[in-house]
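Reading through the structure tokens given below for one structure.
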Amino acid sequence: MRLGASAGVDQTAVRRANLARVLDEVRRGEVVSRADIATSSKLTKATVSSLAAELIDRGLIRETGLRRDGAVGRPGRSLELDGGGITALGLEINSQYLAARGTDLAGRVIVERRIGFDAMRADPETTLDRLAAIAREAVTELAGTGSSFLAGIAVAVPGLVDAETGRVRYAPNLEWRSIPIAGALRERLGGDVPIVVDNEANLSALAELHSMPQPAADLVYLTGEVGVGAGLITGGRLLRGSGGFSGEIGHVPVDLDGQVCGCGRRGCLETKIGLPAVLRAAAPDLADQDVDPQEQAHALRQRAEDGGPEAMAGFDEIGRWLGIGVSMLVNLLNPEVVVLGGYLGTVAPYLVPAAMRELRDRSVAGDAAVCRITASTYGFSAAVRGASSIVIEEIFRDPLRIPAAEKAVG
């Protein structure tokens with residue numbers, strides 16, 4: 001009995017792997033034939049035909065027009081991603097806004113919205129009520145565009161997240177402790193759609209990684225909003241740490257006589273390069289304005305472009321502290337690139353020169369270890385993009401997650 005059960009599991013695993021292989025070939029080739037896939041995957045044509053039929057049945061790929069691959073024989077039909085009826089929903093809880101992004105299998109954006117919301121002053125229940133309302137609206141809109149299957153929901157949160165349970169262990173700037181985000185959303189939304197929760201910096205790092213024509217094997221993504229965190233990619237994979245709590249660079253102390261941080265400690269890097277810090281240093285008149293952080297970032301950029309001495313001195317000081325923080329990451333992880341997100345990305349040209357000077361001075365391995373520092377491709381939308389993309393990537397890893405179409409009986 002054990003041998004039979006093991007064989008069944010192995011067959012399922014092989015089938016899952018081969019389905020993922022064929023699906024990935026279609027994804028990378030955009031429009032390909034069964035013969036193309038057989039050649040590139042080393043699978044037999046009969047196996048590819050069987051796998052393609054199953055992927056079509058699951059609504060993941062579809063046949064397009066006839067294509068002749070050679071001078072003789074009947075032309076075959078090409079294959080391309082379908083997935084118009086299969087969607088993913090990404091959500092984001094930020095200290096100053098909530099966001100949603102719904103995409104189909106090919107990554108086409110179907111729903112995208114962002115509303116101002118002060119989660120730092122709201123209690124967790126109120127925040128989750130509002131997030132659930134946005135999610136319901138997004139799901140309704142997805143269904144209205146022809147989506148027949150919501151594959152999953154992923155939530156980005158600015159804090160320490162236990163990804164296995166979907167619980168936020170600690171979010172300093174929200175003052176949240178042990179909040180069961182996944183369970184709370186499931187209660188509010190109903191149904192059995194899978195819900196996962198992850199740290200915003202992790203999801204942002206994955207979004208940036210997937211956006212690169214040639215993904216960097218070793219990458220650090222730095223968030224730049226009220227809080228500062230890091231998403232770490234090593235060897236092409238997300239580095240979570242033993243408990244899933246890696247990347248809290250914002251709460252590494254850099255000035256023991258500095259200001260008190262939201263975490264209760266003094267002189268954390270976040271107090272030096274977080275959005276409130278740069279506003280105080282480069283544009284003090286904007287510091288107390290209760291506006292969207294993206295608007296504040298654009299206002300900071302304008303101050304830099306205007307070249308005012310106070311702004312330029314402030315950016316130089318923030319850039320120096322940024323370089324100190326990046327040097328720690330470089331000396332520990334030796335990344336290929338550091339990506340600046342949030343406001344850091346918006347004003348990157350005015351921070352990077354000072355940061356690079358500091359990095360060169362502090363890199364133990366010298367110029368050989370000094371990496372690129374670049375602005376995020378997605379800015380403030382990176383986390384919610386990453387949230388929707390991890391649902392899609394899971395489908396490509398395991399196509400069996402998508403149910404096959406029900407066959408008519410009769």
Side-chain angles (χ1 to χ4, degrees), residues 19-30 32 60-61 80-84 86-92 99-112 114 150-157 161 163 194 196-224 229-240 244 246-247 333 335-342 344-345 348 371-399 401-402:
L19 284 168
R21 198 171 176 184
V22 171
L23 184 59
D24 187 59
E25 291 287 344
V26 176
R27 179 194 204 180
R28 290 189 292 111
E30 294 185 357
V32 296
L60 293 166
I61 65 175
E80 67 179 10
L81 286 181
D82 187 353
I86 298 169
T87 53
L89 179 61
L91 301 172
E92 180 183 2
R101 185 175 190 266
T103 67
D104 67 9
L105 188 67
R108 290 182 290 259
V109 180
I110 303 171
V111 178
E112 194 162 30
R114 186 171 180 271
L150 179 60
I153 298 172
V155 188
V157 184
V161 176
V196 298
V197 183
D198 209 333
N199 173 267
E200 60 167 349
N202 287 345
L203 295 176
S204 296
L206 291 172
E208 294 293 335
L209 185 70
H210 294 151
S211 75
M212 295 178 172
Q214 295 182 323
D218 297 277
L219 172 152
V220 171
Y221 180 95
L222 279 180
T223 61
L232 312 174
I233 304 291
T234 61
R237 300 172 65 88
L238 192 64
L239 177 64
R240 293 186 177 278
S246 67
L333 301 170
E336 180 181 340
V337 59
V338 172
V339 180
L340 304 180
L344 290 170
C371 65
R372 291 185 296 124
I373 303 178
T374 186
S376 164
T377 302
Y378 298 127
F380 284 84
S381 70
V384 75
R385 285 174 179 269
S388 61
S389 73
I390 63 166
V391 177
I392 297 299
E393 291 302 319
E394 185 58 33
I395 296 170
F396 280 98
R397 281 191 293 270
D398 182 10
R401 290 190 57 189
I402 306 303

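Remember, predicted model here, so these are calculated numbers, not experimental data.
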ask   = Between L206, V220, V339, which is the residue that forms a side-chain contact (heavy atoms from CB on, under 4.5 Å) with I233?
value = L206

remark   = d(E80 CD, D82 CG) to nearest 0.5 Å is 8.0 Å

query = If you measure from CG on L19 to CG on D24, what distance do you get to the nearest 0.5 Å?
reply = 12.5 Å

query = Which heavy-atom pair separates Y221 from G342 by the least distance, and what is that distance?
reply = OH-N, 3.9 Å

ask   = By side chain to side chain donor-acceptor pair (under 3.5 Å), which residues pair with R240, not counting sequence neighbours?
value = D198

message = Do I153 and V391 make a side-chain contact, defined as non-hydrogen atoms from C-beta onward lying under 4.5 Å apart?
response = no

inquiry  = Minimum heavy-atom separation for C371 and V338, please, with both atom names.
reply    = SG-CG2, 3.7 Å

query = What pair of heavy atoms forms the shortest contact from E208 to A382, and how long is it?
reply = OE2-CB, 4.2 Å

query = Are the side chains of L340 and I373 in touch, meaning some heavy atoms are under 4.5 Å apart?
reply = yes

ask   = Is there side-chain contact between D218 and L333, with heavy atoms separated by less than 4.5 Å?
value = no

note = In this structure, CD of E92 is separated from OG of S204 (nearest 0.5 Å) by 7.0 Å

Closest heavy-atom pair and its distance - A154, A387 = CB-O, 3.1 Å

request  = Could you tell me whether the side chain of R401 reaches within less than 4.5 Å of the side chain of P194, counting heavy atoms only?
outcome  = yes

inquiry  = With rounding to the nearest 0.5 angstrom, report the OG to CG distance, S376 to L344.
reply    = 10.5 Å

remark   = CG (L60) and CZ (R27) are apart, to the nearest 0.5 Å, by 11.5 Å

remark   = Smallest heavy-atom separation, V197 atom then V161 atom, equals O-CG1, 3.5 Å

request  = Work out which heavy atom in A201 is nearest to a heavy atom in A230; give both atom names and the distance.
outcome  = CB-C, 3.5 Å

Residues forming a side chain to side chain donor-acceptor pair (under 3.5 Å) with R372, sequence neighbours excluded = none

key: side chain to side chain contact (heavy atoms under 4.5 Å, CB included) assessment of L89 paired with T87   = CA-CA 7 Å; L89 179 61; T87 53; over 6 Å; no

task = Could you check R101, R114, E200 and say which one makes a side-chain contact (heavy atoms from CB on, under 4.5 Å) with V384?
result = R101

G229 backbone acceptor or donor facing T223 side chain under 3.5 Å = yes

query = Got a second to check how far I61's CD1 is from L23's CG, nearest 0.5 Å?
reply = 7.0 Å

More than 12 heavy atoms from other groups under 6.0 Å of CZ on R237 = no

